[in-house]
Amino acid sequence: MTTVHNERTRPQSPSFDLTRKRVVVIGGKTGIGLGVAQAAHAAGASVTVASRRSASVAGHPELAPFEQIRLDISDEEAVRAAFDAIGTLDHLVVVAGPTDGSWGTFMDDDMRGVRSYIDSKFLGSWACARHASPRLPPNGSITFLTGGIAARPKVGMTSVTSAFAAVEALGRSLALELGPIRVNTIRPGFIDTDFWTFLSEADAAAVREKVRAGFPARRLGQPGDVGHAAVFLMTNPYVTGTVLDVTGGEHLVDWVF
Ligand SMILES: NC(=O)c1ccc[n+]([C@@H]2O[C@H](COP(=O)([O-])OP(=O)(O)OC[C@H]3O[C@@H](n4cnc5c(N)ncnc54)[C@H](OP(=O)(O)O)[C@@H]3O)[C@@H](O)[C@H]2O)c1
């Protein structure tokens with residue numbers, strides 16, 4: 001007897017397949033973004049990575065599988081021109097954000113640090129989504145990236161908390177406005193990248209030890225963990241408007257630094 005399925009009963013096998021898909025990762029040449037680019041490539045996508053640096057493949061063989069673009073996302077005209085040059089794509093992931101500590105504190109008289117942080121992280125994410133979305137298909141997606149501090153503020157980090165929270169709100173708002181294109185945000189916890197070089201070696205080692213001992217997952221988060229989550233968000237057709245914690249359980253325990 002042949003079984004006739006309707007939409008509800010038709011068996012669906014979960015797919016992480018990105019064959020013949022084009023994925024653009026902004027901030028994809030290092031750290032978390034590189035982990036996302038590598039995961040998308042492993043899932044079959046052709047991947048373009050964009051950021052301000054120009055990195056030679058001879059010096060950075062890890063970038064060999066990717067098309068590279070130079071782009072500063074705080075410059076909206078440059079973002080527009082980059083997406084004109086890119087043309088059509090299937091999935092956009094915006095990981096980029098300042099990591100040099102120049103974000104400015106709340107009581108600074110000079111608000112340049114705050115403006116520059118927001119220009120880059122929030123308005124940069126906005127501009128990338130704005131100029132990519134007309135080139136995305138109905139089953140395409142946009143994924144933003146923030147951090148745990150979006151939900152659990154830390155003294156001295158008000159600019160970062162505010163910018164991250166704004167990016168998450170942007171994600172929810174665009175999920176409504178751009179649907180059926182799906183829009184989500186990944187909120188990572190500690191991920192072992194060069195980001196942590198702002199700490200002394202001894203302090204960074206102490207943070208890593210606390211993460212291993214104190215986070216429920218009992219391990220250091222890796223860029224590939226975020227990459228895995230990003231591929232899930234690109235391929236699951238029913239997840240939109242959400243914030244996905246990829247934290248090893250960091251959000252359940254006290255801050256470690
Ligand atoms: N590592 C963690 O534990 C952690 C935790 C939570 C959140 N985050 C967030 O995750 C994001 C990525 O951090 P990461 O750890 O992967 O460090 P990272 O390797 O330093 O990544 C930052 C990336 O953003 C790019 N970028 C910065 N400003 C840009 C701009 N104006 N235009 C284009 N690209 C720009 C950088 O490339 P260029 O220098 O070539 O432009 C770099 O590839 C950051 O927003 C960070 O705040 C990190």
Side-chain angles (χ1 to χ4, degrees), residues 24-39 48-56 59-60 62-63 66 68-79 81-83 92-103 113 115-128 131 143-154 157 159-168 185-199 204 207-208 210-211 215 217 219-227 229-230 243-248 250-251 255-257:
V24 175
V25 185
I26 310 291
K29 296 175 198 167
T30 63
I32 294 174
L34 178 60
V36 171
Q38 288 170 329
T48 300
V49 291
S51 79
R52 294 164 302 182
R53 83 192 63 193
S54 146
S56 75
H60 295 273
E62 70 278 13
L63 296 175
F66 313 127
Q68 281 195 58
I69 286 182
R70 280 190 74 185
L71 172 64
D72 179 347
I73 59 168
S74 62
D75 175 349
E76 200 211 333
E77 274 317 303
V79 174
F83 282 100
L92 169 71
V93 185
V94 190
V95 172
T99 52
D100 56 4
S102 63
W103 37 73
R115 286 188 207 286
S116 141
Y117 193 84
I118 285 173
D119 260 355
S120 184
K121 186 71 198 179
F122 175 57
L123 294 178
S125 297
W126 177 301
C128 289
H131 294 293
T143 303
F144 296 124
L145 187 124
T146 59
I149 214 165
R152 287 202 301 170
K154 213 171 141 47
M157 305 282 283
S159 323
V160 181
T161 293
S162 306
F164 281 5
V167 169
E168 292 182 1
T185 303
I186 295 174
R187 187 195 281 164
F190 174 95
I191 304 293
D192 199 14
T193 69
D194 286 348
F195 172 81
W196 295 96
T197 52
F198 78 89
L199 295 176
V207 167
R208 288 188 177 91
K210 284 184 189 165
V211 170
F215 283 17
R219 66 191 280 279
L220 301 180
Q222 299 299 330
D225 299 325
V226 180
V243 175
L244 179 58
D245 280 302
V246 182
T247 65
E250 176 175 349
H251 58 292
W255 286 117
V256 298
F257 74 99

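All ligand and atom numbering here is 1-based and tracks the order in the structure. Excluded from the calculations below are hydrogen atoms, water molecules and symmetry mates; all remaining heavy atoms, backbone and side chain alike, are included.
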Logged contact type for L34 with ligand 1, heavy-atom cut-off 4.0 Å, is neither

Does R52, backbone or side chain, put an N or O under 3.5 Å from an N or O of ligand 1? yes

Do you know the tightest heavy-atom contact between P153 and T161? CA-OG1, 3.8 Å

Heavy-atom side-chain proximity of F190 to V207 below 4.5 angstrom: yes

Do L34 and V25 have side chains that approach each other closer than 4.5 Å (heavy atoms only, starting at C-beta)? no

Can you tell which part of I73 has a heavy atom less than 4.0 Å from ligand 1: side chain, backbone, both or neither? both

Give the numbers and elements of all ligand 1 atoms closer than 4.0 Å to a heavy atom of W196. 1 (N), 2 (C), 3 (O)

Looking only at non-hydrogen atoms, which of T99, L71, V167, V25 approaches atom 46 (C) of ligand 1 most closely? T99

Given side chains that start at C-beta, do those of V93 and L145 come closer than 4.5 Å, heavy atoms only? no

With atom 5 (C) of ligand 1 as the reference point, say which of A163, G124, G189 has the nearest heavy atom. G189

List the closest protein heavy-atom neighbour of atom 11 (C) of ligand 1: residue, atom name, distance to the nearest 0.1 Å. V95 O, 3.4 Å

If we only count N/O pairs under 3.5 Å, is A96 in contact with ligand 1? no

For atom CG of D100, decide whether the heavy atoms of other residues, nucleotides or ligands shown that lie under 6.0 angstrom number more than 12. yes

For atom 22 (C) of ligand 1, find the nearest protein heavy atom and state the residue, atom name and distance (0.1 Å precision). G97 O, 3.7 Å

Are there more than 12 heavy atoms of other residues, nucleotides or ligands under 6.0 Å from atom CZ of R152? yes

What's the shortest distance from atom 10 (O) of ligand 1 to any protein heavy atom, and which residue and atom give it? L145 CD2, 3.0 Å

Determine whether the side chain, the backbone, both or neither of F164 has a heavy atom under 4.0 Å from any heavy atom of ligand 1. side chain

Is the backbone N or O of W103 less than 3.5 Å from a side-chain atom of S159, with the two atoms forming a donor-acceptor pair by type? yes

Would you check whether T146 reaches within less than 4.0 Å of ligand 1, judged by its heavy atoms? yes

Nearest-neighbour protein heavy atom for atom 36 (C) of ligand 1, which is reported as residue plus atom name and distance: R53 NH2, 4.1 Å

of all protein heavy atoms, closest to atom 45 (O) of ligand 1 is K121 NZ, 3.1 Å

Nitrogen or oxygen of I191 less than 3.5 angstrom from that of ligand 1: yes

Is there side-chain contact between Q68 and S54, with at least one heavy-atom pair below 4.5 Å? no

Within a distance under 4.0 Å of any heavy atom of G31, pick out the atoms of ligand 1 and give their elements. 16 (O), 19 (O)

Evaluate the side-chain proximity of E168 to F144: yes if any heavy-atom separation is below 4.5 Å, no if none is. no

I191 side chain reached by P223 side chain, heavy atoms, under 4.5 Å: yes

Among all protein heavy atoms in this structure, tell me which lies nearest to atom 31 (N) of ligand 1, with the distance rounded to 0.1 Å. D72 OD1, 2.9 Å

Which heavy atom in V246 sits nearest to a heavy atom in A229, and how many Å separate them? CG2-CB, 3.6 Å

Do me a favour and list the nearest non-hydrogen protein atom to atom 48 (C) of ligand 1 with residue, atom name and distance? I32 CD1, 3.7 Å

With a 4.5 Å heavy-atom cut-off, do T193 and T30 have their side chains touching? no

What class does the angle between the rings of F164 and Y117 fall in, given that below 30° is parallel, 30 to 60° is tilted and above 60° is perpendicular? tilted

Within a distance under 4.0 Å of any heavy atom of F190, pick out the atoms of ligand 1 and give their elements. 3 (O)

In this structure, atom 14 (P) of ligand 1 is nearest to the protein heavy atom T193 OG1, 3.7 Å

Just to be sure I read this right, does ligand 1 sit under 4.0 Å from the backbone of S51, its side chain, both, or neither, counting only heavy atoms? both

Which atoms of ligand 1 have any heavy atom of G27 under 4.0 Å away? 43 (O)

